[in-house]
2 protein chains.
Amino acid sequence: MSASTENFLKTIYCFQKLEARDTKPGSIAKALGISNAAATDMARKLSEKDLLEYRKYQALQLTPKGESLALQVIRKHRLWETFLYRTFDMSLLEIHNEAELLEHATSDRMAEILWNYLEKPSFDPHGDPIPNVYGFVDFEKDSKVLFKTEEDREYRIIRLVSNDEEFYSFCCDNKIEIGNEIKVVKQYSKNQLTEISIHGRQIVIPKEFSNNIYVTKVNEQ
Amino acid sequence: MSASTENFLKTIYCFQKLEARDTKPGSIAKALGISNAAATDMARKLSEKDLLEYRKYQALQLTPKGESLALQVIRKHRLWETFLYRTFDMSLLEIHNEAELLEHATSDRMAEILWNYLEKPSFDPHGDPIPNVYGFVDFEKDSKVLFKTEEDREYRIIRLVSNDEEFYSFCCDNKIEIGNEIKVVKQYSKNQLTEISIHGRQIVIPKEFSNNIYVTKVNEQ
DNA sequence: TAAAAGATTTAAGCATACTTAAATATTAAT
DNA sequence: ATTAATATTTAAGTATGCTTAAATCTTTTA
Ligand SMILES: [Mn+2]
Ligand SMILES: [Mn+2]
Ligand SMILES: [Mn+2]
Ligand SMILES: [Mn+2]
């Protein structure tokens, strides 16, 4: 499988997870930075290889075979991210960018070596689950983006996902890190702002950032 | 630069070092496992990009630009080899095979991170020198293959280079490791066998293996 | 519900990286 | 010095992965 094919399958898989997004060729094309025509073309080719289902003007859907391949690429991606993050002094964005390349140059044997070395990790440094060698993904905690949380409740940060340098910089500056607990103070719905309290400080977070911060309710016994 | 181009330049560079081998398209094709026609084609394209000099029926020669690119790929290859060897339980052949893939998926930044983490290594685990970021290669010791050594002299092993699993297995079984000292007992020239003494044991090595073992004279003061 | 806007597909074309088969040049052998 | 063997190049063709422009379909909106 070429890097182009791997990225294509991976993108569809990720879009399907985020039910909000449609998986028509156009969206995939945009995410990959290629033309709509190229994405349609790829879709037809991959459907001939039984990696996805494609009917004109419909959303693309991975076949079990396609999903399995996507999961193997995602596994390699997240294993590299975890390894790079633990081993070197690299940021959450840097590890993603390097893993985006390395994932296509990783033998199954190499993935196994990383997996064992890292002691079978379940989550990568962004809080995303790492599929096992059979493509099985660990139970994902019930999560929502900060943008959609309720006022006056406590949450724990469990995922930070973005391709934006400034987002990670913002998180870093404001102690927004996986595992930390926060309280949602107020939702300024009209202006799409979320005010939270973290480490005793109040901060107001615009939609552009709050949409990338996933949280889970803190168990208030 | 594509992986194909990188492998092509790298192979020419390595062949040029080993003066024994010619660098006509045919030899490169054989080494890369592609057809002669494909190699000729690639040679013409790369000469248009000023990466090498190509005149019909002549040996290929890297331009300064081509050599510089080849050295960067070799640098990445050998940095990965060194890193994998030190970090995981991988053999001299395994690290080579993985590095062959990883070298094409490595940003300059990633190479720098490896280089610093490894504390600016000069040699990879096979004993091959690692070019620095400017493509400068450390002084290489005066070496020859075991096959061409003189009888009744002492040598130190400084390089082991091969793509053959059995070769490395042989080395391992017989304590043929970089740094170890040996004595050449006898050259059976007609049968192309070299008898050496290592760790008190005598072993006879056929040309297929002795050609992959590089040694340097031990300084007898 | 019909036109306008927007998305998707088709068509034509290009670059890369390969293939096999035929033509041609070089090298080795008689 | 020819001839034969070998190597190299050219030619024609294929698959992948992209492009832009035009045609077609779907969705929105008036
Ligand atoms: Mn990728
Ligand atoms: Mn991740
Ligand atoms: Mn390679
Ligand atoms: Mn090496």
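No hydrogens, no waters, no symmetry mates; every other heavy atom, side chains included, goes into these values.
Remark: of the listed residues B:Ile203, B:Ile205, B:Val184, B:Val204, B:Val204 is the sole one forming a side chain to side chain contact (heavy atoms under 4.5 Å, CB included) with B:Glu195.
Following rounding to the nearest Å, A:Leu46 (CG) and D:dG17 (C1') show an atom-to-atom distance of 11 Å. Atom-to-atom, NZ of A:Lys56 to P of D:dC25 comes out at 7 Å; the value is rounded to the nearest Å. Atom CD in B:Gln58 sits about 14 Å away from atom P in C:dA25, given to the nearest Å. Rounding to whole angstrom units, CG of residue A:Asn36 and P of D:dA21 are separated by 14 Å. Summarising the geometry, the separation between CZ on A:Arg55 and C1' on C:dT8 is reported as 15 Å, rounded to the nearest angstrom. Following rounding to the nearest Å, B:Lys45 (NZ) and C:dC18 (C1') show an atom-to-atom distance of 9 Å. What separates CG of B:Asp41 from C1' of C:dT16 is a distance of 9 Å, to the nearest Å. For B:Leu60 and D:dT8, the CG to C1' distance is 11 Å, given to the nearest whole Å.
Under 4.0 angstrom from either OP1 or OP2 of D:dT16 there lies at least one side-chain N or O belonging to A:Lys49. In terms of phosphate contacts, B:Arg44 brings no side-chain nitrogen or oxygen within less than 4.0 Å of OP1 or OP2 of D:dT9. The shortest distance between the side-chain N/O atoms of A:Lys30 and the OP1/OP2 oxygens of C:dA7 is not below 4.0 Å. Contact check, A:Tyr57 against D:dT24: no side-chain N or O comes under 4.0 Å of OP1 or OP2.
Between B:Phe88 and A:Phe83, the two ring planes are tilted [angle within 30° to 60°].
Within 4.0 Å (heavy atoms only), A:Phe8 reaches no atom of the nucleic acid at all. Base engagement by A:Ser35 is indicated by at least one non-hydrogen atom pair under 4.0 Å involving a base atom. Residue A:Ala37 is in base contact, counting any heavy-atom pair closer than 4.0 Å across all strands shown.
In the set D:dT16, D:dT8, C:dC18, the nucleotide with an atom closest to the side chain of A:Ser2 is D:dT16.
Proximity of a side-chain donor or acceptor of B:Ser169 to a complementary backbone N or O of B:Glu165 within less than 3.5 Å is not detected. Not one N or O on the side chain of A:Lys65 forms a donor-acceptor pair closer than 3.5 Å with the backbone of A:Leu51.
Residues B:Pro121 and B:Trp115 approach most closely at O-CZ3, 3.4 Å, considering heavy atoms.
Toward the 5' end of DNA chain C, the nearer of the two residues B:Ile34 and B:Lys24, judged by each one's closest nucleotide, is B:Ile34. Taking for each of A:Ala3 and B:Gly26 the nucleotide of DNA chain D with the nearest heavy atom, the 5'-most of the two is the partner of B:Gly26.
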